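Reviewing the structure listed below.
First listed ligand is number 1; within each ligand, the first listed atom is number 1. Computed from a predicted model, the values in this text were never measured in an experiment.
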Amino acid sequence: MDREFENILIKEIVRQNESIVLIASENYASKSVRTAQGSIFTNKYAEGYPGKRYYGGCEYVDQIEILAIQRAKDLFGAEHVNVQPHSGAQANMAVYSALFDSKSVIMSLPLDQGGHLTHGSKVNFSGNLYNFEFYNVDRETEQIDYEALEKHAQTVNPQAILSGFTAYPREIDFERIKSICKKIDCMMIVDMAHISGLVAAKLHSDCVKYADVVTSTTHKTLRGPRGGIILSKNIYAKSIDKAVFPNIQGGPMMHTIGAKAVAFAEASTNEFVNYQKLVISNAKLLGKLLSAEGLRIVTGDTDTHMILVDVTPFNLTGKIAEEKLAEVGLIVNRNTIPYDSNPPRVASGIRIGTPAISTRGMNAEAISIIVDCIIGILKEKEESKLIKNKVKELANKFPIDLK
Ligand SMILES: *Cc1c(COP(=O)(O)O)cnc(C)c1O
């Protein structure tokens, strides 16, 4: 192995082993997934789609892509699947380019209330190329007010309503959103990047059934390789496929598509359902214990793999809390809370997710130790060195297969 590369890799292996990842969008892909992603399929050009490639020698990559597509269809009950997007952002870009033009109005939740950069932010292509009209979460409940959304949508008359978020801890009522879309005759688009593992395990209301088009990443709760997918009704198949290739991408990453196929099979097992149940129960417990210590849990609870924690009751900002926690090996990210008075780089909250620690097998006992460590460092109850050792000790008890 390249010496310089290996030196850095070894440090990262130690870092991943010794820290406790509470970032809601991270996970540990299995060895089977990583083996597929590290395979010789990386050597192959395969512009086009199975049976319609622009290169010779595609007989086996065709089989790989067909396998990935079939498994994703079975897992999510989708009519059409495109497994080629390099990432979640690319999946969204492809969908917008397939369905919208510069005049199209799309309703979405803004970044500072839990939406994603690609949902119309001005620093992103989406906000520059398309016309986004933002809906909001309710000031009191900090949740989507579907009545208000319906009224708002009736006045805006959008081409599509986009839901599915990056920092929203509650279950989304996709059936209700569908009924709104039907009433005003607009498309329903869902970006299930964060919750696709929960949807696959049927522990979250199903968006694939209701939406015209669904995009996702494959590396968050779904626990596959870093990448994206698009699921849609058959009538959009042609335009979406053309949008992915040749419009926005060139050759697909066949090694990653192979790894997606492996991950879809893993996600269709009972073991995976049990894993997702643990993810949710860990998140619920984390929220309960932190709120008992005086922190405020945004919306009061969670139904998913994440909680949003308002750290202002401790006179902290999200930035400071994130930095303090990182010092002892607890990795979270700062996050705005709804109607935040602090700018995003400072923020009043932190986002805490349980997908990664649950993959490690951590359960209620580990959660209570994590909460002690979080409170210990945020309240400066104990020397940070001592807390850092506790974190390391806990991490070592739940090794990750990283080789
Ligand atoms: C993470 C995320 C994405 C983007 O995924 P990348 O692979 O980082 O491009 C898109 N949408 C939502 C809702 C996300 O949470």
Side-chain angles (χ1 to χ4, degrees), residues 21-27 29 33 37 72 82-97 106-121 123-127 129-130 132 134-135 137 144 160-172 174 177 188-200 204-205 207-208 211 213-232 240 243-244 248-249 252-253 256-257 259-260 263 279 283 302 304-308 332-336 344 351-356:
V21 170
L22 296 166
I23 293 177
S25 51
E26 290 189 7
N27 213 329
V33 166
Q37 196 166 23
N82 187 307
V83 292
Q84 292 193 4
H86 299 327
S87 69
Q90 293 297 99
N92 286 344
M93 185 182 236
V95 167
Y96 301 163
S97 89
I106 308 152
M107 287 187 76
S108 70
L109 197 66
L111 189 62
D112 61 356
Q113 294 196 11
H116 189 257
L117 273 171
T118 56
H119 296 182
S121 163
V123 298
N124 183 263
F125 77 91
S126 55
L129 298 183
Y130 306 98
F132 278 84
F134 295 118
Y135 55 90
V137 295
I144 296 168
I161 296 177
L162 173 60
S163 61
F165 316 109
T166 295
Y168 187 77
R170 306 309 292 266
E171 182 164 9
I172 304 161
F174 289 123
I177 293 179
M188 173 172 174
I189 299 177
V190 174
D191 178 349
M192 64 168 180
H194 259 271
I195 54 171
S196 52
L198 306 176
V199 172
H204 188 291
S205 85
C207 46
V208 181
V213 180
V214 176
T215 59
S216 184
T217 53
T218 46
H219 50 272
K220 296 178 182 172
T221 49
L222 196 54
R223 209 165 62 180
R226 196 158 286 281
I229 44 168
I230 303 169
L231 319 172
S232 73
I240 284 173
V244 175
I248 71 160
Q249 288 188 178
M253 299 195 196
T256 300
I257 290 172
K260 286 172 187 173
V279 165
T302 177
T304 65
H305 61 297
M306 72 164 77
I307 54 172
L308 266 180
V332 305
N333 64 280
R334 74 193 69 172
N335 217 102
T336 50
R351 188 181 65 162
I352 304 185
T354 52

Within a distance under 4.0 Å of any heavy atom of Thr217, pick out the atoms of ligand 1 and give their elements. 5 (O), 7 (O)

For the pair Thr218 (side chain) and Gly227 (backbone), establish whether a donor and an acceptor sit closer than 3.5 Å, ignoring hydrogens and angles. yes

Is a donor from one side chain sitting under 3.5 angstrom from an acceptor on the other, for Asp191 and His116? no

Please report whether the ring centroid of His194 lies less than 6.0 Å from that of Tyr168. no

Hey, is the main chain of Pro252 close enough, under 3.5 Å, to the side chain of Gln84 for a donor-acceptor pair? no

Under the rule for side-chain hydrogen bond (donor to acceptor under 3.5 Å, both in side chains), what residues qualify as partners of Ser232, not counting sequence neighbours? none

Minimum-distance protein heavy atom relative to atom 8 (O) of ligand 1: His219 NE2, 4.6 Å

Would you mind running through ligand 1 and noting each atom that sits below 4.0 Å from a heavy atom of Thr166? 12 (C), 13 (C), 14 (C), 15 (O)

Give the residue and atom name of whichever protein heavy atom lies nearest to atom 9 (O) of ligand 1, and the separation in Å to one decimal. Ala89 N, 2.9 Å

Under 4.0 Å from one or more heavy atoms of Ser87, ligand 1 contributes atoms 7 (O), 9 (O)

For atom 12 (C) of ligand 1, what is the nearest protein heavy atom, given as residue, atom name and distance? Asp191 OD2, 3.3 Å

When you measure from the side chain of Ser87 to the backbone of Gly228, do you find a donor-acceptor pair of N or O atoms at a distance under 3.5 Å? no

Does any donor atom in the side chain of Thr215 or Asn92 lie under 3.5 Å from an acceptor atom in the other side chain? yes

Residue His194 vicinity, atoms of ligand 1 by number, heavy atom under 4.0 Å: 15 (O)

Could you list which atoms of ligand 1 come closer than 4.0 Å to a heavy atom of Phe165? 13 (C)

May I ask you to identify the nearest protein heavy atom to atom 6 (P) of ligand 1, giving residue, atom name and distance to one decimal place in Å? Gly88 N, 3.5 Å

Mark the output for Lys220 as yes if a heavy-atom distance to ligand 1 is under 4.0 Å, and as no if none is. yes

Quick one: side chain to side chain contact (heavy atoms under 4.5 Å, CB included) partners of Met253, sequence neighbours excluded? His86, His255, Thr256

Any heavy atom of Ala193 under 4.0 Å from ligand 1? The part involved is side chain

Where is the nearest protein heavy atom to atom 3 (C) of ligand 1: which residue, which atom, and how far? His116 NE2, 3.2 Å

